[in-house]
Amino acid sequence: MEVILQLLINAFLLGGFYALLASGFSLIWGVLGLINLAYGSFVLLGAYSAYFLHQKGFNFWLVLFINLFLGFFLGLFLNRLLFLRLLRFEALSVLLLTFGLDVLISNLINLFFKGDVRSVSLEGLGGSFFLGEYILPKGRLLVFVLSVFFILLLYLFLKHTKEGRAIRAVSMDRVGAQLCGIDLGRTYDLSSALAHSLAMFSGAFYGLLQGFTPFDSGFITLKVFFVCIAGGLGRVEALLLGGFALAVLEQFSGFYVGEGYKSAFALLVLFLLLAFRPYGIFGVRLHERA
Amino acid sequence: MKGLSLFLIVLALAPLFLDAYWLRVISSALFLSLLAYAFNLVFHYTNYAPFGGVAFFGLGAYTFALSVEKGLGYVPAFSSSILIPLIFALFVSPVLMRLKGHYFAIGTLALQVMLMELTESLEFTGGTKGIVLPLGIPSLLSYYLFFSLLVLCVLCVFSVERSRLRLIYYMLRSDELGARSVGVNVVLYRVLSLVVSSVFLGLTGSAFALWQGYIDAHTVYSPLLSVKAFLVLVLSSHFPLSGPLFTSFLLELIFEALWSKSPELHGLFMGLALVLLILVFPRGLRWKS
């Protein structure tokens, strides 16, 4: 029983982070209707930039801020240079493009940092808090709190600001949004910029939680995809749900089946989800997507 | 067609005139074209992109290598490297082929990563160490192995192009609803294309294992293989019969020129090439046919 509760605590902490990790992917999927296969490599880019800058002696908070900033401009740039040009063509071409982009970025990172496993470690985050007999590692707790905080910010942004409403409107109905006078290009720009800054931002946390190599990107993209599929697209709350689903799955299969099998297990479940519930475990079929 | 047959005859005679280095270059071009043909059976005929199609390739390679390691002869090893990917494909394709394009692409990627993880974690697959095949075979033999597989692929595509199947596939590719309404079982034909493709991929995997003499999870489940194959396919899209072969040779020669100077830039170059190619030809050279 203690073990199960401890695993649930771990999953709870991890799930919040997974929700943040997937938020950018979900955003860009919802608004641009584009599955960004290069998303994982942007997360890694964030992890490596955090690693590099922290190594150079930058404060971690500053690093987070730099990542946000960098991701924002990279996303804007990508949208203008690549996505906007290709959106009017068949969806397959953008998919192929992001696939190529993924390999490109992974290899670029590999060129600079080589293939060794790296991780970001912060002073003062080594220990754990104890809650009765349960362990709350400080690092994970920090990541959880920050993740949930930023998800909340994202939620408030999407719900209550003019730009956020525009983003939601476009993701619900592109033509209808245009009829209401929403600038489609601007909304795409903003969504892509926001999505990539979220990717790089959560990348820094990813580096804090576990080791990474330049070729983990496919893996991260699949995780993020799992979160979106399990929770269902289109809502911020769904991300939390999907994140917890993935974390519970990973923690329990990691403990009971073996650490090496947890990803394979999650992917098997992803496959079953795709087969039987592509609209999310609790999701309802809103409308057809491209 | 004439050009293709001529080229095949030249390839059959090529080892007579080539030294070991060029034999290896041409073998890798043949290998690339095999991957491209196998992917194309799905990509061209159903308009689905099997990004993770190397899952079947790796499965074939591992099945073959393990069978040889266990002391089975080459013939049972080859048969099992057909059989296991085939069974796997039969098992997963009814699910995969009901999905829409995006979901399909990422579903196959999930299979690829899943198999890679499993291969690295399981005991009997040699974990991260990979498998060394007990006996090296002469490079000439593996060349002809690739070559005969290529002929098989070309014959397969040729017979599809000359039969009613071609029309059925073109119909369900361009208008799924239309195809359904005249009574075509869309899922069945898609499953067929994936299954045949997986058989070719499995065989190519076994030939690859023989050729290399050593395999590990990261080489046979590498996304680089699919990027390379899709680079070929984007360039050769209007010509399912001869395109993949000629483009593979062209690309492999270009890669070779770059590869020998700076191997670490290989992946970078391929990713960049794919991105630029899509930017220049957003219609993919085919999609508006």
Side-chain angles (χ1 to χ4, degrees), chain A residues 29 33-35 37-38 41 81-82 85-108 110-111 114 214-215 217-219 221-223 225-226 229 257-272 274-276 278 288-290, chain B residues 43 47-49 51-52 92 94-96 98-107 109-122 127 218 221-224 226-228 230-231 233-234 264-279 281-284 286-288:
Chain A
W29 189 358
L34 153 74
I35 292 189
L37 292 177
S41 50
L81 190 74
L82 305 176
R85 282 172 194 227
L86 292 172
L87 278 179
R88 60 207 159 88
F89 298 105
E90 194 160 345
L92 205 56
S93 63
V94 197
L95 204 64
L96 260 172
L97 178 103
T98 58
F99 189 50
L101 198 62
D102 182 53
V103 172
L104 177 63
I105 297 175
S106 296
N107 279 282
L108 205 62
N110 188 36
L111 201 62
K114 305 289 173 254
F215 298 105
S217 63
F219 208 51
T221 308
L222 284 169
K223 273 190 188 194
F225 185 74
F226 183 104
I229 288 291
V257 188
E259 194 67 14
Y261 300 102
K262 69 176 186 192
S263 319
F265 204 74
L267 290 172
L268 185 69
V269 175
L270 170 63
F271 198 72
L272 295 176
L274 278 178
F276 300 109
E288 294 284 306
R289 275 180 201 283
Chain B
F43 187 59
N47 223 4
Y48 276 28
F51 287 141
V92 298
V95 173
L96 280 178
R98 268 174 231 278
L99 301 174
K100 282 190 200 160
H102 283 74
Y103 290 82
F104 170 81
I106 222 160
L109 268 181
L111 284 184
Q112 175 195 339
V113 174
M114 184 169 82
L115 285 180
M116 184 162 98
E117 288 286 307
L118 277 181
T119 312
E120 287 200 328
S121 302
L122 286 170
H218 272 279
Y221 293 114
S222 165
L224 268 188
S226 9
V227 169
K228 219 165 159 180
F230 274 100
L231 208 55
L233 291 185
V234 171
E264 73 277 9
L265 293 178
H266 193 60
L268 196 72
F269 175 76
M270 280 195 296
L272 191 66
L274 191 56
V275 169
L276 288 179
L277 211 60
I278 302 279
L279 265 187
F281 304 107
R283 292 177 203 281
R286 164 161 67 83
W287 290 313
K288 285 290 163 193

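Here the structure is a predicted model, which means the values were calculated and not measured. Lettering follows sequence order; numbering is per chain, from 1.
- Contact annotation for A:L222: only side-chain heavy atoms (C-beta onward) come within less than 4.5 Å of a heavy atom of chain B.
- Using a 4.5 Å heavy-atom threshold, the side chains of A:T221 and B:L109 count as separate.
- Looking at every heavy atom in both residues, A:L270 comes nearest to B:A110 through CD2-CB, 3.9 Å.
- A pairwise comparison of heavy atoms in B:I106 and A:I35 identifies CD1-CG2, 3.9 Å as the closest pair.
- Looking at B:A105, only its side chain comes within 4.5 Å of chain A, counting heavy atoms on both sides.
- Across all non-hydrogen atoms, the minimal contact from A:A264 to B:M114 is O-SD, 3.5 Å.
- The structure places OG of A:S93 at 11.5 Å from CG of B:L277, a figure rounded to the nearest 0.5 Å.
- There is no contact between B:L276 and chain A, counting heavy-atom distances below 4.5 Å.
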Test side-chain contact (heavy atoms from CB on, under 4.5 Å) on B:L96 and A:L274 and set out the steps. CA-CA 8 Å; B:L96 280 178; A:L274 278 178; 5.9 Å; no
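- Here the shortest heavy-atom pairing between B:V234 and A:L96 reads CG2-CD1, 3.7 Å.
- With a threshold of 4.5 angstrom between heavy atoms, A:L81 approaches chain B through N, CA, C or O but not through any side-chain atom.
- Atom CZ of A:F215 sits in a crowded spot, with more than 12 heavy atoms from other residues, nucleotides or ligands closer than 6.0 Å.
- Interface remark: A:F271 contributes backbone and side-chain atoms alike to the contact with chain B (heavy atom separation under 4.5 Å).
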Please assess A:V103 against B:L274 for the test side-chain contact (heavy atoms from CB on, under 4.5 Å), listing each intermediate value before the final yes or no. CA-CA 10 Å; A:V103 172; B:L274 191 56; over 6 Å; no
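- Contact of A:L108 with chain B is made through backbone and side chain together, with heavy-atom distances under 4.5 Å.
- When all heavy atoms are compared, the tightest approach of B:S226 to A:F99 is OG-CZ, 4.0 Å.
- At a 4.5 Å heavy-atom cutoff, the contact between B:F230 and chain A is made by side-chain atoms alone.
- Considering every non-hydrogen atom in both B:L224 and A:N107, the closest pair reads CD2-ND2, 4.4 Å.
- Contacts of B:L111 with chain A are made by side-chain atoms alone, with heavy-atom separations under 4.5 Å and no backbone atom involved.
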